[in-house]
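What you are looking at is a predicted structure, and each value in this text was computed from that prediction instead of being measured. Here is how names work: the chains are called A, B, and so on, in the same order as the sequence lines, proteins then strands, and each is numbered from 1.
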Amino acid sequence: MATYCEILFPLPVFQTFLYRLPDELAARVRVGSRVVAPLGSRKLSGYVLEIKELSQEPEFRVKEIAACPEDQPDLPGIILQFALELSARSLTAPGLFLEMAEPPAAREKPRVKLAITEKGLKELLSGRLKGRRGQILSLLADRQLSPVYIKRKLKVREINSYLRSLSQEGLVEVREKAGKKKPLKITPAPVFRQLALPVRPEGLPESGHRLLQKLESGEGGSCLLTGSQERRLEFLQKIIEYAAQHHGFTLVLVPEIQRLEKWQPLLQSLSGRAVVWHSQLTDSLRRHNWNQIFSGRARIVLGTRSALFLPFQPLSLLVVDEEQDDLYYQADGPAFEAREAARIRAGLEKSLLIYTSDCPRVSQFYHHRQAGSLLDLGREEVCYRVDYYHQDLGRLLKKELKEEIKHRLEKEEQLLFLVNRKGYAGYLFCSACGFVARCEQCRIAMSLQKKNGELTCSYCGHTREAPADCPVCGGKLRPGRVRGSQYLREQLQEIFPGKKVEVLEEGAGEKDSEKIVRRVKSGKGQLVIGTEYALRRLSEGRFSMLFLVNPESSLNLPDFQAGERTLATIYKALEMVKNEDSSRVVAVTAGPEPELVIQALSRNYQGFWEKEIEYRRLLNYPPFSCLVEIGLDSRSLRTSGRWSRLLLEQLRLDFPELELIGPRISRKKWRREKREVRLMVRLPSEEKAGNLLASLKKFRQHRPATRLWVRVWP
DNA sequence: AGCACGCCGACT
DNA sequence: GTCGGCGTGCTC
């Protein structure tokens with residue numbers, strides 16, 4: 001009989017590794033402990049998943065755990081379970097999730113610098129070294145460099161093998177610049193005691209009291225909170241302050257760092273007891289906040305999706321704010337859906353889970369309505385006026401609205417023009433036969449760039465030269481009436497000379513964008529053109545006039561979520577408007593405005609939802625079916641193509657009723673790797689998605705080199 | 001992931 | 001010959 005441990009390493013592999021636990025470590029090592037163990041030729045730290053006795057040695061050679069550094073508390077069992085469950089749902093290796101749960105100190109890697117030795121210098125001067133090894137040495141001739149710099153400079157994939165051989169021969173020296181590694185203060189887990197009878201907050205509606213009862217019962221459960229932003233914030237603040245009195249931890253998730261701004265009042269009113277957590281924290285603040293949380297001094301954490309992995313316990317309240325925001329899906333790095341992860345973590349700890357949004361996803365609304373867990377706080381009437389125009393944008397600005405805009409500019413007011421096209425015109429068409437230039441892949445109209453006469457697909461990013469004549473009838477091609485940011489800028493500059501027109505859109509570079517944002521904040525930028533990207537960067541309630549330029553055009557995207565996405569964009573744009581009588585919203589559409597645009601502008605979510613749910617029922621989209629997107633990528637397109645065919649074969653065998661939709665085109669333009677194949681699959685229900693995941697896991701067993709990911713739309 | 005190993009084309 | 005690039009498979 002000997003004691004063994006199953007270890008999970010932070011690697012993109014799905015297996016655990018078995019090690020013998022030496023007697024001298026037996027007293028210290030527990031499930032969740034961080035241990036160091038030999039793996040191949042390396043020594044890696046991993047986490048203990050299981051400790052067990054085995055009466056006989058396994059068939060493979062088992063190594064021994066090397067050490068158990070006492071530099072961090074054990075990961076709680078719930079975090080281990082969380083990582084495993086999330087891995088099963090996302091097909092991301094569980095160890096990568098555990099890595100996200102590590103305390104700051106474990107993640108700060110020592111900085112390594114390389115220096116040339118005397119011997120290396122001699123060797124370099126002798127001129128005997130050629131190729132990569134010579135290049136590396138001559139780079140190091142006059143200064144010390146980091147391995148990453150050399151790797152980028154020389155564009156090699158695997159730098160370590162060269163460095164190892166060079167350092168073995170004594171030609172270079174590896175100097176570890178040990179950071180000032182202050183060990184983390186490890187404090188015992190906080191105890192939550194009820195000191196006095198909890199005081200219920202005042203002015204809470206009946207539904208709020210029911211939520212508090214749920215919180216007190218400790219049985220968990222979830223709900224969807226809708227209504228205006230102000231009302232939701234006020235409501236949540238009361239619930240959170242109440243929870244902080246005597247319950248465990250509260251975690252409030254926001255979709256992006258920028259969105260923490262509106263929670264500042266809560267942070268201030270709970271000063272010291274609430275901290276923020278996201279990827280942009282400085283090392284020292286990260287350490288400070290971690291210590292605050294783990295000593296129990298701070299019990300409220302406001303953060304982005306990475307905060308879900310903080311290993312504090314018990315989590316009694318979990319809020320997912322702005323649940324409609326797609327940034328909750330993490331596509332790069334370990335891929336996972338944070339809204340689903342929130343459900344998993346809340347389920348494991350029986351915490352109360354509150355999703356909140358002004359314009360929730362259609363499926364989410366449906367599920368909570370069915371479950372009776374919908375909580376609508378309503379909204380105040382808005383003061384501003386909304387008008388619709390159907391004429392040409394240029395004409396509109398030059399004639400009808402010129403005087404009004406001029407007047408507003410004189411009063412130093414700020415105006416925002418929201419466009420959803422970056423180029424000059426939204427499309428190129430033939431006035432004779434009605435032909436429209438479309439993207440071959442996505443089948444949607446491509447927008448025209450005036451500068452270089454190129455057509456760009458705003459959906460997949462594909463670019464090609466614009467044809468001069470109509471390929472169907474040979475007639476002249478003309479720019480269409482859906483206008484882009486280039487066109488608008490030209491017009492505004494012409495009509496209001498001497499006024500600077502700011503354009504805030506993706507792809508301008510972070511420095512320039514930052515400058516524009518600052519100018520707008522200072523009140524200097526008065527005429528602002530922006531795409532959806534601008535809505536994430538600008539702060540709310542600044543503008544006295546908002547132009548929605550062709551908000552209807554995104555409805556044509558080949559995407560079942562086009563409706564709810566368009567609605568969410570308009571809702572967000574409306575938050576930019578100053579809520580005053582003199583404010584005005586202008587919607588400019590190419591034809592008569594679609595019903596959805598009217599519903600969005602009057603914030604008639606109910607009306608939108610009823611229409612949309614009918615449409616989804618008819619076309620059998622979620623929530624009436626479950627869509628699963630499967631991505632496959634590897635280093636070459638040929639291999640991912642071959643594997644995708646193999647995968648499809650297996651899926652057809654396992655699921656005869658399976659319906660293939662697509663292939664779907666990648667919407668993410670920043671997703672550089674083109675060697676990815678995507679499949680979209682329809683299943684009758686979410687339960688079936690579980691079986692599909694099992695089948696995908698089976699597939700991955702014999703193809704571990706491919707990156708496989710899934711995204712489920714219930 | 002990182003590392004070893006083996007295959008293959010290019011170049012002293 | 002042998003150097004370096006790249007694909008493949010393994011790590012208890």
side-chain hydrogen bond (donor to acceptor under 3.5 Å, both in side chains) pairs, two or more places apart, involving residues 1-17 of chain A: Thr3(A)-Glu53(A), Tyr4(A)-Glu57(A), Glu6(A)-Thr16(A), Glu6(A)-Lys52(A)
5' to 3' contact window, DNA chain B with chain A (heavy-atom distance under 4.0 Å):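 Listed 5' to 3', the contact boundaries are dA1(B) to dA4(B).
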Residue pairs fulfilling ring-ring contact (aromatic ring centres under 6.0 Å, His included) with at least one residue in residues 5-45 of chain A, sequence neighbours excluded: Phe9(A)-Phe17(A)
Sugar-phosphate, base or nothing in reach of Gln15(A), heavy atoms under 4.0 Å: base
Between OG on residue Ser45(A) and CD on residue Glu102(A), distance to nearest 0.5 Å: 6.0 Å
Any pair counted as salt bridge (Lys or Arg N to Asp or Glu O under 4.0 Å), so long as it reaches residues 77-94 of chain A, sequence neighbours left out: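 The answer is Arg89(A)-Glu340(A), Arg89(A)-Glu686(A).
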Within residues 26-47 of chain A or reaching into it, pairs that qualify as salt bridge (Lys or Arg N to Asp or Glu O under 4.0 Å) - sequence neighbours excluded: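 For residues 26-47 of chain A, and leaving out neighbouring residues, the salt bridge (Lys or Arg N to Asp or Glu O under 4.0 Å) pairs sorted by first residue read Arg28(A)-Glu70(A), Arg34(A)-Asp71(A).
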Taking salt bridge (Lys or Arg N to Asp or Glu O under 4.0 Å) as the definition, give me every residue that meets it alongside [X], ordered by chain and number, with sequence neighbours left out.
{"X": "Glu454(A)", "result": "none"}
{"X": "Asp325(A)", "result": "Arg536(A)"}
{"X": "Glu510(A)", "result": "Arg537(A)"}
{"X": "Arg339(A)", "result": "Asp326(A), Glu337(A)"}

Set of residues satisfying ring-ring contact (aromatic ring centres under 6.0 Å, His included) with respect to Phe336(A), sequence neighbours excluded: Phe97(A), Phe309(A)
Which atom pairs link the protein and nucleotides 2-5 of chain C when you take only N or O atoms and keep those under 3.5 Å?
residue : atom : partner   : partner atom : Å
dG4(C)  : OP1  : Arg132(A) : N            : 3.4
dG5(C)  : OP1  : Arg132(A) : NE           : 3.0
dG5(C)  : OP1  : Arg132(A) : NH2          : 3.0
dG5(C)  : OP2  : Tyr162(A) : OH           : 2.4

Sub-4.0 Å heavy-atom contacts from residues 35-64 of chain A onto DNA chain C, ordered by number: Pro38(A), Leu39(A), Gly40(A), Phe60(A), Arg61(A), Val62(A), Lys63(A)
